[in-house]
Amino acid sequence: MHEFATLLGILLAVASIFGWVFKIWIINPLSLAIAALNCSLAKMDDALSKIKDQSAAAQIEIVRIDTSVRSAHNRIDDVIIRLTNIEKELREHD
């Protein structure tokens with residue numbers, strides 16, 4: 001029975017050493033890597049949010065510019081029609 005207790009004690013000591021080595025060499029570096037990934041993901045989320053905001057603002061500006069261009073195009077068409085009518089009137093008077 002005494003030999004069994006000694007063997008069990010040695011096995012527990014070896015298991016503890018392996019557990020400590022496993023924790024130091026594997027678990028701790030993985031924990032640090034996970035923390036770094038979480039930090040990177042948070043930064044990416046912030047950057048993505050800013051990009052979404054900028055994209056929405058750009059879309060609003062594009063709609064505003066498109067409306068302005070269409071309005072200018074309509075005014076130009078009106079000027080062309082008036083100019084054409086004036087030219088017709090001048091030809092008729094000649």
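Please read all numbers here as calculations on a predicted model, not as lab measurements.
- For the residue pair Ser71 and Arg75, a side-chain donor N or O sits within less than 3.5 Å of a side-chain acceptor on the partner.
- We find the CG-CG distance between Leu12 and Leu7 to be 9.5 Å, quoted to the nearest 0.5 Å.
- At most 12 heavy atoms of other shown residues, nucleotides or ligands fall within 6.0 angstrom of atom CD in Glu3.
- No continuous path of hydrophobic side-chain contacts links Leu83 to Ile80 [ILVMFWY only; heavy atoms under 4.5 Å].
- For the atom pair Asp77 CG and Thr84 OG1, the distance stands at 10.5 Å (nearest 0.5 Å).
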Inset, instruction - Output, in order, the C-alpha distance, side-chain angles, deciding distance and verdict of salt bridge (Lys or Arg N to Asp or Glu O under 4.0 Å) for Lys50 and Asp46. - result: CA-CA 6 Å; Lys50 289 177 184 176; Asp46 290 342; over 6 Å; no

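- Residues Val14, Phe18 make up the rest of the hydrophobic cluster containing Ile10, defined by ILVMFWY side-chain heavy atoms closer than 4.5 Å, directly or through other members.
- With Ser49 contributing its side chain and Asp45 its backbone, the two residues share no donor-acceptor pair below 3.5 Å.
- Looking only at side-chain heavy atoms (C-beta outward), Leu32 and Asn28 stay at 4.5 Å or farther from each other.
- Two different hydrophobic clusters hold Trp20 and Leu11 under the rule that ILVMFWY side chains link at heavy-atom gaps under 4.5 Å.
- Ion pairing of Asp78 with Arg82 is absent here, as no side-chain N (NZ or NE/NH1/NH2) approaches a carboxylate O to less than 4.0 Å.
- Atom CD1 of Ile34 is separated from atom CD1 of Ile27 by 8.5 Å, given to the nearest 0.5 angstrom.
- Checked by atom type and distance alone, the side chain of Ser55 never pairs as donor or acceptor with a backbone atom of Ile51 at under 3.5 Å.
- The main-chain N or O of Arg64 is never found under 3.5 Å from a side-chain atom of Ser68 such that the two would form a donor-acceptor pair.
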